[in-house]
Undergrad: 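To start, I am sharing the structure in question, which I have written as structure tokens.
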Amino acid sequence: MNKAANISTADLQRIDAAHHLHPFTDYAQLNREGSRVITRADGSWLWDSDGNRYLDGMAGLWCVQVGYGRTEIVDAVTRQMMELPYYNTFFKTTHPPAAALAEKLAELTPGDLNRAFFANSGSEANDTVVRMARYYWARAGKPDKQVIIGRTYGYHGSTVAASALGGMAGMHEQAGMIEGVHHITPPYWFGYGLQEGMSPEEFGVHAARELERAIDAIGEDKVAAFIAEPIQGAGGVLIPPETYWPEVKRILAEREVLLVADEVICGFGRTGNWFGSDTYDLQPDLMPMAKGLSSGYLPISAVMVSDMVADHLIGEGGEFYHGYTYSGHPAACAAALANLEIMQREDLVGRVANEAGPALKAVWTELGAHPLVGEARMCGLFGALELVPDTSDLTRRFDPVGEVGVMCRDFAFRHGLVMRAVRDAMIISPPLTIAEDEIAYLADRARKALDDTYAALKAEGRVA
Ligand code: PXG
């Protein structure tokens, strides 16, 4: 019998509080409240150590595309572990799963992204991007092209380089910045354009032109790359106005700057296409990916590299001093291959585009009429509800920002639904396999959480 199964929730919480430092956590607060202990999962559902069941509206951390409990992935990993649990891909060596996965990713990704550099997390993939972009330009005879332009509310990971690429001010304050990173305004109409009285279309062009102004001010001869998520995920599911990406493409086509599309969240079906780059017709030069690549069953990430960049890296020889012990780990590659096999066989991307996505969008749009919701947005299978104090004046926000989102998130948990709060927006990003009745459950529980939040705020006189 599993030893952990005999331990009470209180004991597990005590042990955890004594020895475990969690990511992105206020430790004093967590230790006061005690961790939620998740012990089991199946399909779209999670169970905690007290036997409570939750619909996982976040697919783990935006990653469990095929749902939990897929024995096919487990079996593929077991077979690989028996055959070859580990060997490296350094020193002129490869192994079957790494080669097969690289080929598969070249087939699935758009354009001429024909080569994969493997790592273990989205953060490592983005550290690879920084080093590879700068190395590429040095090899191309333009060593001054060092600056990378990112965006406010972008999230690219938590290592020193990846957090610098991201646009989360709190992270910069704690970790410091690396040299040569610049941030511009994101295409977040509800957060910026609305406040300035612009239509979404006007604001899309306006936000894109900030990239043009930034490149021209810094100097094209100094800018290596623009990094962007096709839709910003952790920043709050910021779906850009339709005018944004076409204008960015125009700006980049006129300039020698690499486009890095961070597909860590958008990739693998989330937007209703294999990649967010397909949704917005982008041809990135570098494409970091992670999460849905293995549906989170094992940690693995990759940077897909275009022929133009790869030709310079490969062309005249010379070593790229970069890589990780577990780059292309055989068991993780086997998990990814089995995961992609499921996604293709079950046509999960088509399911998001034609069935689950439209069904979720319909109920989400209905939630948009709730007296607490200022905007409901959804693309594919991820969306956000912006909570506001007064729907007759959408420029107003709760003060302090973030408190109401957490309140609503906690109510959702009590009603058996995992939603995530970003500032005061409620976020949903369920497994791509979410069933019709589960979508109805999600909508019902989200509404209950909104109702409870509204009632609590009304009692305090904080909503109209
Ligand atoms: N790029 C993007 C677009 C991401 O969303 C990373 C890179 C970094 O990946 P790793 O594997 O290093 O975590 C991410 C990760 C949240 C949350 O609460 C989001 C992420 C990670 C953890 C929490 O929204 N995104």
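Start at 1 and go down the list; that is how both ligands and their atoms are numbered. Along the sequence shown, residues are numbered consecutively beginning with 1.
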Undergrad: Suppose we screen for salt bridge (Lys or Arg N to Asp or Glu O under 4.0 Å). Which residues come up paired with Glu33, at least two apart in sequence or across chains?
TA: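 Residues passing salt bridge (Lys or Arg N to Asp or Glu O under 4.0 Å) with Glu33: none at all.
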
Undergrad: Could you check whether Glu346 pairs with Arg351 (Lys NZ or Arg NE/NH1/NH2 to Asp/Glu carboxylate O, under 4.0 Å)?
TA: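 Looking at Arg351 together with Glu346, the answer is no, because their closest N to O distance does not fall below 4.0 Å.
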
Undergrad: For the residue pair Arg70 and Tyr297, would you count it as a cation-pi contact if the rule is NZ or CZ under 6.0 angstrom from the ring centre and within 45 degrees of the ring axis?
TA: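 Judged by the rule (NZ or CZ under 6.0 Å from the ring centre, within 45° of its axis), Arg70 is not positioned above Tyr297.
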
Undergrad: Can you list every ring pair (Phe, Tyr, Trp, His ring centres under 6.0 Å) pair that touches residues 165-187, not counting sequence neighbours?
TA: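 Pairs touching residues 165-187 that pass the test: His172-His183.
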
Undergrad: Do Tyr135 and Tyr321 make the cut of ring centroids closer than 6.0 angstrom?
TA: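 They do not qualify: ring centres at least 6.0 Å apart.
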
Undergrad: Listing request: all side-chain hydrogen bond (donor to acceptor under 3.5 Å, both in side chains) pairs with a residue in residues 146-155, at least two apart in sequence or in separate chains.
TA: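 Qualifying pairs, neighbours excluded: Arg151-Tyr244.
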
Undergrad: As a test of reading the model: which residues have a non-hydrogen atom less than 4.0 Å away from ligand 1?
TA: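 Within 4.0 Å of ligand 1, protein side: Leu61, Trp62, Ser121, Gly122, Ser123, Asn126, Tyr155, His156, Gly157, Glu229, Ala234, Asp262, Val264, Ile265, Lys291, Arg420.
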
